[in-house]
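Proteins come first, then strands; the chains are lettered A, B, ... in the order of their sequence lines, and each starts at number 1.
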Amino acid sequence: MKQLLKTEALTKRYGKLTAVNALSIEIEEGQVFGMLGPNGSGKTTTLGMLLGVTEKTSGNFSWFGGESGPETRKKIGAILERPIFFPGYTAVENLKIVAKIKGIDLKNMDHVLGLVNLYDRRNDQFGAYSLGMKQRLAIAAAMLCDPKALILDEPTNGLDPEGIAQIRQIILDIAGMGKSIILASHLLDEVQKVCSSCIILRKGELVFQGAVSADMGGMKRVEIDAPNREQLQEALKEIPFVNAIEKDASGFLVTLDAQQDSFTLNKYLQDRGMVVSHLKTVKKTLEEQFLEIVKQS
Amino acid sequence: MIRLIQLEWLKAKPARFFWILLMLYMALLISVPISVQGLSDWIIRNFLPENLGLDNVNLFYDFQDIWQNFTFVFQYFSVFLGTLIIIHVAREFSLKTARQNIIDGLSKSEFVWSKVLFIAFIAALITLFVALLALLFGALFSPSVGTSLMFENVHFLGAYYLHLVQDMLFAMFIAMLVRRPGIAVVVYLFYAWLESFAHLVIKHALGWDLVAKLLPNTATKGMIHTPMYKYVLQPVQTYVAWEDLAISVGYIGLFIVLSMWMMKKRDL
Ligand SMILES: Nc1ncnc2c1ncn2[C@@H]1O[C@H](COP(=O)(O)OP(=O)(O)OP(=O)(O)O)[C@@H](O)[C@H]1O
Ligand SMILES: [Mg+2]
């Protein structure tokens, strides 16, 4: 697999505040990569450095296995934070400016306007667009140069469920064309639905990097029940690798150490003469894992 | 280079303020010779005895002198072009389009150069317009006509061009410094007032002629000396001094360097 992006100890300080601290990551081409983190964790700052609008304090980065600078940015389509265009100009007038900067002709314009469903509104002023249309126009602008990589920072920010679904479908369509996408968001749901792997940032620190479906938290949770619940609860309390016990509708929800699983739990109970009526490993939602990761570190 | 000028054109063309200020400026330029003509007719008709043969206000259009007369008066309208440039540049920061331009692949120095080239281009168009205006009014009203005379003092157009470029680059610099269109316009106008005040103090109260001459707004108007005194028979400098040109060119370089430096240093 070819490398899309590599950063080495990339750092940005605003006075005393370290917005991004020694970030080192590698991203491969051809995937939808998530960049997750709560508000203020440094996502936009990181992307700003990668896109030449925020001066880095120290560290390095390179695109496509060793490039950076304006010529590289011409091969990338990117939106940071919110769609930016001249409000009084039409979509077409705005896209002409983008095309001129990127040094490309306009043959792709109708196609990208169609892609985001704005072809019929192309001669309306940007300022008169709804928020969802503005976001879509930004995606069209990013796609205008047939980019090698697409960078989207909170593309669904402020949209209603329908708008979110539309943007998500567009992202999936674009990913289907084999483009690399970096998607920054504080919405886990969003990352979970479209990304294959991700990083999680917290206060400018990298706290997780890996596949989205993998066990991110390093802990397992198991649903368990038995005819005699008091007895079960007593027994669970005795078990050293059980970290937490919560009561729920179908019995108990217990959190195990990472090395243990439902099999070892069942065996442990059986050895002590306890028979269970229900036993199920719960896959944690990314939301729970995310909160756990962010809380822990 | 062509690409950068085309880029600025795409940015300016759909903007209403751009056309309004440009048209206003051109209308003001045209109004000067027209009102001078009207005024001279009116004076001659009402106040001078007939057959005096003294068509003296037509001297305003006299070839040779017309270049200095026109460009000297026109300099006083440049504030409209400065305002145009301030809005054109500063709004790119308040709307954040400058940031998006960089993201899209423009380099920061290209961003500045495209503005500089655009200014040079607009200044050239306006200088051409002034040349046509002077030729037209000269051909119509000049007491003395003849190709050798006609272009004698045409070099005032060069000084006028430098004046326009320096003035607009100063406006660009203020816009990049302040970044908010409204405030930048206020700063620009306030500075002009402040400098004219400072100029009085420095030149007349302190008597530091050289320092007064080096102030930017004074320098930009200092290349073309006031021609009107000749009508009351005072000596007038009817050429452009090299040192005055050099000062203007120096400021042009300085504003470009400072703008470039600010652009590179600051986040967008
Ligand atoms: N221009 C700036 N000056 C000072 N501090 C800044 C500046 N820009 C960002 N910061 C700080 O850097 C930190 C990271 O901000 P950043 O915008 O990168 O967060 P984010 O992850 O994109 O958050 P969000 O999800 O809210 O968009 C924050 O603490 C923020 O206050
Ligand atoms: Mg952000």
Shortest non-hydrogen contact between A/V191 and A/S185, atoms and distance: CG2-CB, 4.2 Å

How would you list, by chain and number, every residue that makes a side chain to side chain donor-acceptor pair (under 3.5 Å) with A/T156, sequence neighbours excluded? A/E190

With side chain to side chain contact (heavy atoms under 4.5 Å, CB included) as the test, would you mind laying out the steps for A/M35 and A/L47 before giving the verdict? CA-CA 10 Å; A/M35 201 171 184; A/L47 295 177; 4.0 Å; yes

Using a cut-off of under 4.5 Å on heavy-atom pairs, state which of B/I102, B/L106, B/L268 scores highest against chain A. B/I102

Ranked by heavy-atom pairs below 4.5 Å to chain B, first place among A/I79, A/L144, A/I97 goes to A/I97

Which donor-acceptor pairs fall under 3.5 Å between chain A and chain B:
unit_1	atom_1	unit_2	atom_2	d
A/K12	NZ	B/D267	OD2	3.4
A/V53	O	B/L268	N	3.3
A/E55	N	B/D267	OD1	2.8
A/E55	OE2	B/K108	NZ	2.9
A/R73	NE	B/I102	O	2.6
A/R73	NH2	B/I102	O	3.4
A/R73	NH2	B/L106	O	3.1
A/A78	O	B/Q100	NE2	3.1
A/Y89	OH	B/K11	O	2.4
A/Y89	OH	B/R91	NH1	3.4
A/Y89	OH	B/R91	NH2	2.7
A/K100	O	B/R3	NE	3.1
A/K100	NZ	B/Q6	OE1	2.8
A/I101	O	B/R3	NH2	2.9
A/K102	NZ	B/D104	O	3.1

Treating A/S24 as the side-chain partner and A/A9 as the backbone partner, does any N or O pair qualify as donor plus acceptor under 3.5 Å? yes

Contacting region of B/A98 [heavy-atom separation from chain A under 4.5 Å]: neither

Where is the tightest heavy-atom contact between A/C145 and A/I104, given as atom of each residue plus distance? CA-CD1, 3.6 Å

Quick one: pull up CD1 in A/I151 and CD1 in A/I76 and give me the separation to the nearest 0.5 Å. 5.0 Å

If you take all heavy atoms of A/I174 and A/I139, which pair is closest and at what distance? CD1-CG2, 3.9 Å

